[in-house]
Amino acid sequence: MIENSISELFNSIESSPEYQEYQKIKEILESDQEVLSLVDEIKKLQKKSTVLEYNNDPQYLELDKEIEQKVKKLNEMPVYIKYLQAMEDFNQVLKMSSSLISNYVDDIVK
């Protein structure tokens, strides 16, 4: 019975408009080479900056400025903005589902 309820919950989440929109935008984002390239550059620079900072090399400060500029550029890209919004909307669905489960368990345990 519990397994069926959990399965129903997952099916409900996966069929939600928020999840469907998130998946659609995610696919578009994953095929956008400009976004992927920028994200990859940011990750590489972050790793390099972390190593420099760990080794007390002040060059990490310059890298951090470069990272900040690239993140700003990423956050201005329309497809990325849509992705972030879709992800936030879907996260709200997950939070609500989690809250419902938590309240249900709390009611049973009391």
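Everything numeric in this text was worked out from a predicted model, so none of it was measured. Any value given below was found using the heavy atoms of this structure, including those in side chains, with hydrogens, waters and symmetry copies removed.
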Salt bridge (charged side-chain N to carboxylate O under 4.0 Å, His left out) assessment of E68 paired with K65: CA-CA 5 Å; E68 189 177 309; K65 288 178 187 175; over 6 Å; no
Heavy-atom closest pair, residues V35 and Y80: CG1-CD1, 4.4 Å
Minimum heavy-atom distance Y60-S49, with the two atoms named: CB-O, 3.5 Å
Answer yes if [X] and [Y] sit in the same cluster of Ile, Leu, Val, Met, Phe, Trp and Tyr residues linked by side chain heavy atoms under 4.5 Å apart, and no otherwise.
X    : Y   : answer
L84  : V39 : yes
I42  : L36 : no
L94  : L9  : yes
L100 : Y19 : no
V105 : I13 : yes

[X] versus [Y]: any side-chain heavy-atom pair under 4.5 Å?
X   : Y   : answer
M87 : N91 : yes
I81 : Q85 : no
I28 : D32 : no

Side-chain H-bond candidate by donor/acceptor type, E88 with Q92, under 3.5 Å: yes
Any chance you could measure [X], atom [atom1], to [Y], atom [atom2], to the nearest 0.5 Å?
X   : Y   : atom1 : atom2 : value
D40 : Q33 : CG    : CD    : 10.5 Å
F90 : K26 : CZ    : NZ    : 10.0 Å
S15 : F10 : OG    : CZ    : 13.0 Å
D64 : E53 : CG    : CD    : 6.5 Å
K44 : Q46 : NZ    : CD    : 13.0 Å
L29 : Y22 : CG    : OH    : 9.0 Å

Test salt bridge (charged side-chain N to carboxylate O under 4.0 Å, His left out) applied to K73 and E76, step by step: CA-CA 5 Å; K73 181 179 178 182; E76 293 172 349; over 6 Å; no
Candidate list K70, K48, K47, test salt bridge (charged side-chain N to carboxylate O under 4.0 Å, His left out), partner E41, passing option: K70
N55 side-chain N/O to D57 backbone N/O, donor-acceptor pair under 3.5 Å: no
